[in-house]
Each structure stands twice: as C-alpha cells, then as structure tokens.
Amino acid sequence: MFYWMKPLPEAKINYEQYKPFIKNDWFRQNFMYFVYLLQAMLVTLSICWGVWNFSNMLIKLIVFLLVYLIHELLHISVVWRIGDISLTHSGIFFWLNSSAKMSKIRFLLFMSMPLLILSVVPMIISLFSNGLLYQYMRYIAWINAIIAGADIINTFLIIIKPKNSVFYRGFYKTASNEEMK
C-alpha cells in the first residue's frame, strides 16, 4: 500500500534485536545538518563549474522536477512489492519510508540506485558528449547529487554495517543465514 503524505502505521520492533541505523545519538539528531552541509558544498561546486549556465529558468525547473520524480520512482521501484511505502514531508524535504525488511544489498540498492542512474550514468555520458547534451547531462548529474544528499551519507553508513544485516524502519539487526532467506 502507498501512503500519500501519511506516516506508516506503527510497527512492533524488538529493540533487543534491532539497533538504531545511526547509533550515535548526537549524529542522529544532527544528521540533517550534515546533509545540508553536503548539499551546500555540491551547490557551490556546481556553480563554480558552471553547471547552471545554460538554457532558461523554466527549462531548468522542468528538468529539475523530472529528475526529482524519476529519483523517487527509482527508490519506490526497489521496495514496491515487498512492503508498504509512505511519502511524507518535512519542510521542503520529502521522505520515502518503507515497512519492508531489506537485506544489506537491497537497502544499498534502495539508497544508491537513484544516485547511480541519475548522477553517475549522466556524468559518464557527459564525458563522451558535447554541446547541449553535455550541458543537460552535467545538470542532471549535479541536480540529482544535490537531491540525494541524505542518500549519499546513508549509502556510506550502509556500507560499514555487517554483511548479513537486515534493515527495518530506521533500525538494523545482524541476521543468521536462515533469517536472510
């Protein structure tokens, strides 16, 4: 089920098994400040490298909205069949949450697929193109990287978790091989 602008229903989590995804209380409480800092750095770098110096504002806005929509659809595509999904917002940020229990690989795919498809692939294409295609690919890659600020940080946090981790609603546990199947 897809919950539009509503949080997921409450879930029972066994806190003896599951630990918070971000263990450090201070980092968890200040996580968004790190995201804002990363996004500010990415915006500054993109301005310095002239990413914004093409086309008019309307075209840039349309491309931005399309990139954002595709970014969220890529997240949704990873968990569509395995759990409920909730799209909520906080200020100008939208949050996608799922009730799916995900293995480390699936959760890594959930967090990094939009970054790979909408930032890495366009940046590679831009290396082999010129003119308008070059400008659009660079713009798409940078815009998505800025949108994916939290995803970038979360991807690194997922990578440092144990190999057989299971992730669920902001928590994780180390599972046995039987539980992973």
Side-chain angles (χ1 to χ4, degrees), residues 1-43 64-121 143-181:
M1 175 173 245
F2 193 86
Y3 294 91
W4 182 258
M5 297 302 160
K6 288 174 32 179
L8 290 169
E10 288 294 319
K12 294 179 182 176
I13 297 174
N14 183 348
Y15 295 108
E16 292 176 9
Q17 287 184 329
Y18 283 91
K19 301 173 215 145
F21 176 66
I22 300 173
K23 290 181 184 179
N24 185 296
D25 288 332
W26 180 87
F27 184 62
R28 189 173 346 135
Q29 291 171 354
N30 295 292
F31 176 79
M32 284 310 296
Y33 293 112
F34 288 96
V35 173
Y36 299 145
L37 180 64
L38 177 60
Q39 289 175 323
M41 288 177 11
L42 291 170
V43 167
F64 174 86
L65 292 174
L66 286 172
V67 167
Y68 181 77
L69 179 66
I70 293 168
H71 177 102
E72 293 304 325
L73 289 173
L74 288 169
H75 279 307
I76 291 169
S77 70
V78 175
V79 294
W80 181 252
R81 304 258 172 168
I82 63 169
D84 293 339
I85 301 167
S86 167
L87 180 67
T88 57
H89 74 91
S90 172
I92 63 168
F93 286 96
F94 287 87
W95 297 106
L96 196 62
N97 296 303
S98 175
S99 65
K101 289 184 179 179
M102 292 184 260
S103 66
K104 181 176 179 173
I105 297 297
R106 186 174 213 120
F107 194 49
L108 188 60
L109 186 64
F110 175 75
M111 277 297 158
S112 63
M113 188 159 63
L115 189 65
L116 293 171
I117 292 176
L118 291 172
S119 285
V120 174
V121 171
I143 286 298
N144 186 67
I146 293 165
I147 291 169
D151 298 347
I152 293 168
I153 295 171
N154 281 329
T155 297
F156 287 111
L157 294 174
I158 294 166
I159 289 170
I160 63 173
K161 298 297 183 211
K163 182 180 179 181
N164 55 346
S165 296
V166 174
F167 298 87
Y168 180 63
R169 290 193 163 198
F171 295 88
Y172 81 100
K173 70 177 181 176
T174 305
S176 65
N177 289 335
E178 292 82 37
E179 290 177 277
M180 296 295 288
K181 293 179 182 177

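Just so you know, these numbers use all the heavy atoms, side chains as well, and skip hydrogens, waters and symmetry mates. Predicted model, so just to flag it, every value in this text is computed and none were measured.
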Is it the case that the side chain of [X] and the backbone of [Y] share a donor-acceptor pair, with hydrogens and angles ignored and the cut-off at 3.5 Å?
X: Asn30; Y: Tyr33; answer: no
X: Lys161; Y: Lys104; answer: no
X: Asn144; Y: Pro114; answer: yes
X: Thr174; Y: Ser165; answer: no
X: Ser112; Y: Thr155; answer: no

Looking only at non-hydrogen atoms, find the nearest pair between [X] and [Y] and report the distance.
X: Pro7; Y: Ser86; value: CA-OG, 3.6 Å
X: Ser98; Y: Leu8; value: C-CD1, 3.5 Å
X: Ala148; Y: Leu115; value: CB-CD1, 4.1 Å
X: Tyr3; Y: Pro9; value: OH-CG, 3.3 Å
X: Tyr168; Y: Ala11; value: OH-CB, 3.3 Å
X: Ala175; Y: Val166; value: CB-CG2, 3.5 Å

Out of curiosity, [X] [atom1] to [Y] [atom2], how far, rounded to the nearest 0.5 Å?
X: Tyr172; Y: Ile158; atom1: OH; atom2: CD1; answer: 12.0 Å
X: Arg106; Y: Met111; atom1: CZ; atom2: CE; answer: 13.5 Å
X: Ile152; Y: Gln39; atom1: CD1; atom2: CD; answer: 8.5 Å
X: Arg169; Y: Lys12; atom1: CZ; atom2: NZ; answer: 12.5 Å
X: Leu109; Y: Ser77; atom1: CG; atom2: OG; answer: 7.5 Å
X: Phe171; Y: Ile13; atom1: CZ; atom2: CD1; answer: 5.0 Å

Legend entry - Note, Leu42 side chain near Leu38 side chain (heavy atom, < 4.5 Å): yes
Student check: side-chain heavy atoms of Ile143 and Val67 closer than 4.5 Å
yes
query = Can you check side-chain contact (heavy atoms from CB on, under 4.5 Å) on Asp151 and His75, steps first, answer last?
reply = CA-CA 10 Å; Asp151 298 347; His75 279 307; 2.9 Å; yes
Taking atom CZ of Phe2 as the centre, does the number of heavy atoms from other residues, nucleotides or ligands within less than 6.0 Å exceed 12?
-> yes
Test log, rule side-chain contact (heavy atoms from CB on, under 4.5 Å), inputs Ile82 and Met102: CA-CA 9 Å; Ile82 63 169; Met102 292 184 260; 4.1 Å; yes
| request: Could you walk me through whether Leu74 and Val78 pass side-chain contact (heavy atoms from CB on, under 4.5 Å), step by step? | output: CA-CA 7 Å; Leu74 288 169; Val78 175; over 6 Å; no
Would you please test Asn154 and Phe31 for side-chain contact (heavy atoms from CB on, under 4.5 Å) and show each step? CA-CA 10 Å; Asn154 281 329; Phe31 176 79; 3.6 Å; yes
*asked:* Would you say the ring centers of Phe107 and Phe21 fall short of 6.0 Å from each other?
replied: yes
Check your understanding: Can you say whether the rings of His71 and Tyr68 are parallel (under 30°), tilted (30 to 60°) or perpendicular (over 60°)?
Key -> parallel
